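Presented below is the structure to which this report refers.
What you are looking at is a predicted structure, and each value in this text was computed from that prediction instead of being measured. Whatever order the structure lists ligands and atoms in, that order sets their numbers, starting from 1.
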Amino acid sequence: MAEDSREQGHETLSNLLHETRRFPPPAELAADANVGEDAYAAAEADRLGFWEEQAARLHWDTPWNQVLEWNPPYAKWFTGGRINAAVNCLDRHVDAGRGDRVAYHWEGEPGDTRTITYAQLKDMVCQASNALLELGVAKGDRVAIYMPMIPETVVAMLACARIGAVHMVVFGGFSVDALGTRLDDSQAKVVVTADGGYRRGKASALKPAVDDAVRDRPAVEHVLVVRRTGQDVAWDEGRDVWWHDAVDRQSTEHTPEAHDAEHPLYIMYTSGTTAKPKGILHTTGGYLTQVSYTHWAVFDLKADTDVFWTAADIGWVTGHSYIVYGPLSNGATSVMYEGTPDTPHQGRFWEIVQKYGVTIAYMAPTAIRTFMKWGEEIPARFDLSSLRVLGSVGEPINPEAYMWYRKNIGGDRVPVVDTWWQTETGAVMVSPMPGVSAAKPGAAMRPLPGIVVDVVDDQGEPVPNGGGGFIVVREPWPSMLRGIWGDPERYEKTYWSRFDGLYFPGDGAKRDEDGDIWLLGRVDDVMLVSGHNISTTEVESALVAHPKVAEAAVVGATDPVTGQAIVCFVILRGEAGDGGDDLVKELRDHVGASLGPIAKPRQIMVVQELPKTRSGKIMRRLLRDVAENRQLGDVSTLTDSTVMDAISAKLPDSRGED
Ligand code: 6R9
């Protein structure tokens, strides 16, 4: 099988791209950092003791009696312990006299705002808990949440956590089909939704998709609907309930129960490359321990003074861990934004940073590359001096994008942390620490304290410094997935069968000469050209390093001569015009000169947009279909399915010459 052969070799072009820039932590930040170098040694000396210390940052109703029960590949953390995630996110802070602290500065896309304190959020969550109980939701039941980015989304999640129901958030941009399969798989009893939300300056509808999805799904007993846009909605009397009718009249008192540390907290579906999405299961104690610790450590969070902003959707794991559970468990003040970065203008993000005095911002490389395309004069119009830490997540960040982010957003003074993790890992696993590491542009650097990650070859043997292979996790970690909902076999096969005893995330990686880790993208995306394994990431980074390119997606297409050939799709920077044959030639030569003749693309197409998932990941699988003239595979998780039509239409006349 081609897929398998692509995974065989571990020779890569990795070492052709030399990166010598280093950014040591600013002295002031390092002097007062939450985490120093000593944390790594402490965790290495006593890994489980280290995690116990982190768990002790939370409030437990009953302490655990065993840190870890490990029956590979099944882990239980903090067994015997009892804990309520919502209490840790809310009551704990209110009880400690911090009820007046702002939990969220919420900004709607049309410009409406809400400021919600911890005390207010706790009241809202108690009311919603009482409403869910009234609707018949019991501990262990699943509740689907299909919402825009509004405060009620967080309230619904925490209400579930409080009563022990399992939330299953479905990105509001997903289709009826995507929602339907997730409802089937999770057997959700209630769907929480809204009449609609605001996106790109318009009210978009959500309720009709829910109506379609629940029609033949009797497991769904109620649909709880938040009024956000005021648009007309169809109504099913026995089934549909307005949030303002069901929730607002409830008492703000709700006595929480402590749940078992291993009680399921949520299911989050990842689409993967195959048709059926995987329901990744997270439980309570270990998950909360690691998201809380990583949020505090990786971003050097000072809860009393920082304003933290994850510019991501809650329908992505990044939103779960770093808009909801991480920041709230740490008592932080966060910004939450409903809309898109270019509505009503391309400076919206920076306007938000300026307005709320955001000190820590966390976003995806895809957003950063979009900002590069729009030009540096846009952020330059805003005061971004409040920022002190910047983060990146979702894809490998190209060195060029890293430099742009650091310079134009971080004023060349703010450390940028590139955080590698997955839905399955629940929380950050590999990342520089802003007060410790001398960061390299594009490198995730090293595993966090308490996390044991390695890079291995196809035999599972550690690669030497300078070598490339696969990233693996050697030891269980607190926020690891506990399985795939209803499918233990698939859990074992997907993550634990590639290398004996090691967790295999599916990403390629290399270690540089210093032993630091660089992520190279999904192994499915690695190309095999004339017997050489070439990472799509490195070709993309070489393209993005060209001054006229803002974004690039690279795939391997079947080729009669070379096995696979490199096909590139590029988006040009604002000032670069529409391209043309000369530019295509220039770019091909540029890649050849940067990475070597073997990496010279067969073809480069200039496009306006690339197909992306909710988290901004490029769907290379679809681009491969185009490059190989095949019918497109499943597009149900694309944020904009018309993008593929535009790209397919461009294909015939855009071949590069050799
Ligand atoms: C958090 C999240 C997981 C996949 C992961 C990898 C890619 C995420 C990355 C990164 C390189 C980073 N990924 N962060 N690759 N550098 N800093 O994105 O979860 O949506 O499940 O995706 O994303 O390929 O395996 P999820």
Side-chain angles (χ1 to χ4, degrees), residues 14 169 171 174 266-273 277-282 287 290-291 294-295 298 310-323 325-326 362-369 390-399 401-402 405 416-432 437 439-448 453 455 470-473 479-481 484 494-495 498 503-510 516-526 535-538 540-541 553 612-621 637 639:
S14 342
V169 178
F171 174 52
F174 279 173
Y266 69 81
I267 303 169
M268 163 113 266
Y269 285 84
T270 61
S271 49
T273 42
K278 300 189 281 283
I280 304 301
L281 175 68
H282 284 291
Y287 173 79
Q290 195 175 332
V291 294
T294 52
H295 177 249
V298 171
T310 293
D313 198 279
I314 285 185
W316 178 23
V317 70
T318 301
H320 280 49
S321 297
Y322 300 106
I323 298 178
Y325 290 107
Y362 191 34
M363 58 191 75
T366 179
I368 297 163
R369 290 186 301 256
L390 291 172
S392 169
V393 57
E395 284 189 292
I397 179 164
N398 324 94
Y402 183 103
Y405 192 35
V416 176
V417 291
D418 174 21
T419 64
W420 177 86
W421 59 293
Q422 318 176 282
T423 306
E424 293 87 339
T425 70
V428 177
M429 300 290 278
V430 182
S431 168
S437 327
K440 303 172 183 177
M445 303 298 288
R446 61 170 163 168
L448 297 185
V453 157
V455 180
F470 310 97
I471 193 166
V472 293
V473 191
S479 63
M480 67 189 276
L481 75 165
I484 294 176
T494 310
Y495 305 107
R498 181 70 177 80
Y503 172 84
F504 175 52
D507 284 349
K510 68 175 181 184
D516 292 321
I517 296 175
W518 297 68
L519 275 305
L520 297 174
R522 306 293 302 166
V523 293
D524 295 349
D525 291 333
V526 170
S535 118
T536 51
T537 301
E538 284 176 304
E540 287 163 10
S541 287
K612 294 205 179 138
T613 65
R614 70 191 139 169
S615 56
K617 294 190 213 315
I618 298 164
M619 301 224 358
R620 291 184 190 75
R621 161 173 71 80
T637 55
T639 46

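- When only modelled atom types and interatomic distance are considered, Tyr362 and Thr318 share no side-chain donor-acceptor pair under 3.5 Å.
- Side-chain contact between Trp421 and Gln290 is absent, with no heavy atoms from C-beta onward closer than 4.5 Å.
- Ion pair Arg369/Glu540 not flagged as a salt bridge, since none of the NZ, NE, NH1 or NH2 atoms sits closer than 4.0 Å to an Asp/Glu carboxylate oxygen.
- In this model, a donor atom of one side chain and an acceptor atom of the other lie less than 3.5 Å apart for Lys612 and Thr366.
- Near ligand 1, residues Trp316, Val317, Thr318, Val393, Gly394, Glu395, Pro396, Asp418, Thr419, Trp420, Trp421, Gln422, Thr423, Asp507, Leu519, Arg522, Lys617 come within 4.0 angstrom through at least one heavy atom.
- One distance of note links CG of Leu481 with OH of Tyr503; it measures 5.5 Å at 0.5 Å rounding.
- When every heavy atom of Ser321 is checked against every heavy atom of Gly426, the shortest pair comes out as OG-O, 2.7 Å.
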